[in-house]
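Source: prediction; values computed, not measured.
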Amino acid sequence: MSVGSELIRGEALFSDFRRQCLSTENWQNKYNKNGMEVWVEVPPVTSSPQVNRNTYSKVHKVKCKIAINDVSAATIYDVLHDNIYRKTWDPVMLDSFEIARLGPNSDVGYYSWVCPKPLKNRDVVTVRSWHASEDEYIIVNYSVKHPKYPPRNDLVRAVSILTGYLVKPTGPNSCSFIYLSQADPKGSLPKWAVNKATQVLAPRVMKSVYKAGQNYTVWKAQNSPEHKPWLYPIQSELPMMDPAELSIQRGDSLENVDETSIRDAVENEDSS
């Protein structure tokens, strides 16, 4: 397998992501409120004597789902792609930009976000691929190493193993919206931090996307309404990049930031 084909995995990637989004086996419900559901994948049972029962896996998989009854699937898909609009609604974003195109439906980009205090903020460099059809919209990403965007001293470089969205129409102006993420946040995160991300922050972001979808049509009408390079690749102004210049980012190649001394002072900061 060439480097390029490892990075641009096409339909096999979308099929695997779709399967995980729709699967119910080995998922435990952690949140079910006001039409929002959140699941965490149940870790496999192991009898290995080397496993410390007090350890908490850094690599976790979370899945959120919300039924939207007043925004179309196509609009939610546009919201997730529109990086300029994202700056107006994303509650945790520090910075986000596209770096280069890898193909008509794939690019490489940068994203950094705010973590609950007093944890350090995180960032990622990812390859993103997308697929759109009449019955579904998929966007997925996974971490890569880019020679011009190494880890920064002021942020913890996290690793997206597989993260993305599945949006399926349920009517002309309604849809099912699923977010799934398997990521290594790096650092020695305390259990409360992962629980907060699962039960509080993930639903908050989903609700923000939903609200952004409600306002997008009006905003887009006043902000380059015909410019949608995710639908019309010819509109993209990004430079082309050879995928061979990138490599898959593995978590074990990154420095671990010790955050174990952080106590659960903010564990109950926000339970809404």
Side-chain angles (χ1 to χ4, degrees), residues 14 17-18 21 34-38 62-99 101 104-114 123-124 126-142 160 162-181 183 197 200-238:
F14 298 131
F17 182 76
R18 183 189 303 112
C21 283
N34 298 325
M36 172 78 68
E37 296 182 73
V38 180
V62 61
K63 178 165 58 177
C64 306
K65 180 178 180 180
I66 184 171
I68 295 176
N69 59 16
D70 58 352
V71 182
S72 70
T75 298
I76 292 294
Y77 181 67
D78 287 348
V79 168
L80 294 169
H81 266 293
D82 198 324
N83 205 41
I84 296 175
Y85 185 56
R86 185 166 193 161
K87 300 178 190 301
T88 71
W89 63 262
D90 190 333
V92 300
M93 185 182 74
L94 283 173
D95 196 9
S96 178
F97 53 87
E98 295 140 350
I99 298 169
R101 287 185 295 159
N105 69 329
S106 186
D107 63 16
V108 57
Y110 174 87
Y111 181 80
S112 59
W113 69 97
V114 178
D123 72 350
V124 288
T126 61
V127 162
R128 179 180 61 166
S129 298
W130 55 90
H131 156 81
S133 66
E134 289 186 359
D135 60 351
E136 70 175 10
Y137 300 84
I138 296 177
I139 305 173
V140 293
N141 73 64
Y142 39 89
S160 169
L162 184 65
T163 298
Y165 308 93
L166 172 63
V167 189
K168 296 183 74 69
T170 55
N173 202 41
S174 61
C175 62
S176 168
F177 176 34
I178 297 175
Y179 164 78
L180 183 145
S181 177
V200 178
L201 300 182
R204 183 182 296 169
V205 171
M206 292 285 282
K207 291 173 185 175
S208 295
V209 174
Y210 174 26
K211 185 175 180 179
Q214 293 176 314
N215 299 325
Y216 183 70
T217 300
V218 172
W219 180 90
K220 188 61 175 174
Q222 301 172 2
N223 294 269
S224 304
E226 305 302 321
H227 186 70
K228 295 184 178 183
W230 53 92
L231 295 178
Y232 314 111
I234 195 172
Q235 295 180 346
S236 177
E237 298 175 353
L238 291 173

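Annotation: side-chain contact (heavy atoms from CB on, under 4.5 Å) contacts of Tyr232 (sequence neighbours excluded): Lys228, Gln235. Residues satisfying the side-chain contact (heavy atoms from CB on, under 4.5 Å) criterion with Ser176, sequence neighbours excluded, are Lys65, Thr170, Ile178. In this view, Tyr111 and Trp113 satisfy the ring pair (Phe, Tyr, Trp, His ring centres under 6.0 Å) rule, not counting sequence neighbours. Residues forming a salt bridge (charged side-chain N to carboxylate O under 4.0 Å, His left out) with Lys168 (at least two apart in sequence, or on another chain): Glu136. In this structure, the salt bridge (charged side-chain N to carboxylate O under 4.0 Å, His left out) partners of Lys220, at least two apart in sequence or on a different chain, are Asp82. Taking Lys87 as the reference, nothing meets the salt bridge (charged side-chain N to carboxylate O under 4.0 Å, His left out) condition, with sequence neighbours excluded.
In this pair, Tyr165 and Phe177 present their aromatic rings parallel. The plane angle is below 30°, not in the 30 to 60° band.
Counting non-hydrogen atoms of neighbouring residues, nucleotides and ligands closer than 6.0 angstrom, the CG atom of Leu94 exceeds 12 such neighbours.
Aromatic pair Tyr216/Tyr85: centroids less than 6.0 angstrom apart.
What you find for Thr75 and Gly213 is that their closest heavy atoms are CG2-O, 3.6 Å. Residues Leu166 and Phe17 approach most closely at N-CE2, 4.0 Å, considering heavy atoms. Among all heavy-atom pairs drawn from Val124 and Ser160, the shortest one is CG1-N, 4.5 Å.
Under the 3.5 Å distance criterion, the side-chain polar atoms of Ser174 are left unmatched by any main-chain donor or acceptor of Asp70. Although no hydrogens or angles enter the test, the distance criterion places no donor-acceptor pair under 3.5 Å between the side chain of Thr126 and the main chain of Arg128.
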Next item on the list: List the steps, then state whether side chain to side chain donor-acceptor pair (under 3.5 Å) holds for Trp230 with Asp78.
Entry: CA-CA 8 Å; Trp230 53 92; Asp78 287 348; 2.8 Å; yes

Check: Stepwise, does the side-chain contact (heavy atoms from CB on, under 4.5 Å) test hold for Ile76 with Cys175?
Finding: CA-CA 9 Å; Ile76 292 294; Cys175 62; 4.0 Å; yes

